[in-house]
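Please read the structure below before turning to the comments.
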Amino acid sequence: WCCCLLAALGSHRMVGLRMDISVLLEPLGFVKVLEWVFAIFVFATCGGFRGETALLVSCEGVVNKTVTAAFTYPFRLNTVVFSAPDPKGCGGTWTDVYLMGDFSSSAHFFVTLAALVFLYCVTALVVYIGYNHVYQQNNKFPLTDLSISVLIAFLWLVSTFVWAKALADIKVATGASIVPGIESCKAPGTTCHFLSVTSMGILNVSVVFGLLNMILWAGNVWLVYKDTNLHSQWNRISESP
């Protein structure tokens, strides 16, 4: 995306750098700053998550021992194992117990998009601030910006809903419903009770920021569209008798 934006800019003869920070007070520049900040929030809230789910286990020689399974981004839960209740593994009845599910593709899609959008916003802000005169004089750059903005808005829509579905599944895969599926907990003399799981409120926030990014980029599409000749041509057509 950054290469496309710079290529469109470089296809015309630039007349030098002209710094103009006032562009940030205009809708197009201000929205781009918000998109840059919200992309950081998506990356931080999802990519930085760490949690664990805990069970209370009683078995041979062990009474009410807490066992935990720690999980983190990118949520490959099928590689996360519960710690054994004791060194002897409940007299040999306790085998490695893994969580279920691999949600790394959804998490990677969501976070990688945020990282790419962050880089694109930085590039776009450099162009808006330093080469706004080129942006206004040559229609090819706004058209490129418009195409990329439409693509990003669509990707935010898809990635946010994909991640929201994955998050719902992660909550199920780390919640109380995991106990009936643990074979070691069905051994004679062994009982398991769900104890707790780390709050995933911060991951809920990441979904909210995904939706906000989608809305921002949809608005950005309109702002960029007004800077293209497509908008002026449509106005001339609509005003003609």
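For this chain, numbers begin at 1 and follow the sequence in order. Treat the numbers as computed from the prediction; the structure is a model and nothing was measured.
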Are Tyr120 and Leu151 grouped together when hydrophobic residues (ILVMFWY) are joined by side-chain heavy atoms under 4.5 angstrom apart? yes
State, yes or no, whether a side-chain contact exists between Leu155 and Trp217 at a heavy-atom distance under 4.5 Å. no
Determine, using the 4.5 Å side-chain heavy-atom cutoff (strictly less than), whether Leu157 and Val208 are members of one ILVMFWY cluster. yes
Is a side-chain donor-acceptor pair under 3.5 Å present for Asp145 with Tyr225? no
Got Phe110 and Trp156 here, is their nearest side-chain heavy-atom distance under 4.5 Å? yes
Please examine the side chains of Lys186 and Ile182, heavy atoms only from C-beta on, and report whether any two atoms are closer than 4.5 Å. no
Check whether more than 12 heavy atoms from other residues, nucleotides or ligands sit under 6.0 Å from atom NZ of Lys171, and answer yes or no. yes
Connected via hydrophobic side-chain network under 4.5 Å: Val37 and Leu113: yes
Should Val117 and Cys121 count as side-chain neighbours, where that means a heavy-atom distance under 4.5 Å? yes
How many angstroms lie between CD1 in Ile148 and CG in Leu143, if you round to the nearest 0.5 Å? 11.0 Å
With a cut-off of 3.5 Å and sequence neighbours excluded, list every side-chain donor-acceptor pair involving residues 74-81.
from	atom 1	to	atom 2	distance (Å)
Thr79	OG1	Arg76	O	2.7

May I have the step-by-step check of side-chain contact (heavy atoms from CB on, under 4.5 Å) for Phe82 and Ser184, ending in yes or no? CA-CA 11 Å; Phe82 278 99; Ser184 295; over 6 Å; no
Is it the case that atom CZ in Phe109 sees more than 12 heavy atoms from other parts of the structure closer than 6.0 Å? yes
Quick one: does Ser106's side chain have a donor or acceptor within less than 3.5 Å of a partner on Trp163's backbone? no
Tell me, with the steps shown, if Thr53 and Thr68 meet side-chain contact (heavy atoms from CB on, under 4.5 Å). CA-CA 6 Å; Thr53 185; Thr68 60; over 6 Å; no
Please tell me if the side chains of Val162 and Val158 come closer than 4.5 Å, counting only heavy atoms from C-beta onward. yes
Is a side-chain N or O of Thr123 found less than 3.5 angstrom from the main chain of Leu119, in a donor-acceptor match? yes
Examine distances only and state if a side-chain atom of Ser83 and a backbone atom of Val67 form a donor-acceptor pair shorter than 3.5 Å. no
Is any side-chain heavy atom of Met200 less than 4.5 Å from a side-chain heavy atom of Leu167? yes
Is there a path of hydrophobic side-chain contacts, each under 4.5 Å between heavy atoms, that joins Val172 and Ile170? no
Aromatic contact between Phe49 and Tyr73, with the criterion being ring centroids under 6.0 Å apart: yes or no? no
With rounding to the nearest 0.5 Å, note down the distance linking CG in Asp86 to CD in Glu60. 8.5 Å
If you take all heavy atoms of Trp94 and Cys192, which pair is closest and at what distance? CZ3-SG, 4.1 Å
Taken to the nearest 0.5 Å, the spacing of Phe41 CZ from Phe118 CZ works out to 12.5 Å
To the nearest 0.5 Å, what is the distance between CD on Glu35 and CD1 on Ile215? 12.0 Å
With hydrophobic residues grouped by side-chain heavy-atom distances under 4.5 Å, do Ile152 and Phe30 end up in a single group? yes
Go through Val111 and Val42 one step at a time and tell me if the side-chain contact (heavy atoms from CB on, under 4.5 Å) criterion holds. CA-CA 7 Å; Val111 172; Val42 166; 5.5 Å; no
All side chain to side chain donor-acceptor pair (under 3.5 Å) counterparts of Ser149, not counting sequence neighbours: Asn220
Taking only residues at least two apart or on different chains, which pairs with a member in residues 57-114 satisfy disulfide bond (SG atoms under 2.5 Å apart)? Cys59-Cys90
So do Val57 and Val62 actually touch side chain to side chain, heavy atoms under 4.5 Å? no
One should read off an interatomic distance between Ser159 OG and Met214 CE, to the nearest 0.5 angstrom, of 9.5 Å
Any donor and acceptor pair, going by atom type alone, linking the side chain of Ser196 with main-chain N or O of Ala54 inside 3.5 Å? no
Can you tell me if Ser206 uses its side chain to pair, donor with acceptor, with the backbone of Thr45 under 3.5 Å? no
Pick out which of Leu125, Val122, Leu216 makes a side chain to side chain contact (heavy atoms under 4.5 Å, CB included) with Lys32. Leu125
May I ask you to test the Val31-Leu223 pair for a side-chain heavy-atom distance under 4.5 Å? yes
Got a sec: does the CZ of Phe43 have more than 12 other heavy atoms crowding it under 6.0 Å? no
Could you give me the CA-CA distance, side-chain angles and deciding distance for Leu55 and Ile178, then say whether side-chain contact (heavy atoms from CB on, under 4.5 Å) is met? CA-CA 10 Å; Leu55 304 178; Ile178 64 177; 4.3 Å; yes
Spatial distance of atom CG (Asn64) from atom CG (Leu56) [nearest 0.5 Å]: 4.5 Å
Shortest non-hydrogen separation from Val221 to Ala153 and the atoms involved: CG2-CB, 4.5 Å
Where does the angle between the aromatic ring planes of Phe209 and Phe38 fall among parallel (under 30°), tilted (30 to 60°) and perpendicular (over 60°)? perpendicular
Contact summary for Ala39 and Asn213, nearest pair of heavy atoms: N-OD1, 4.0 Å
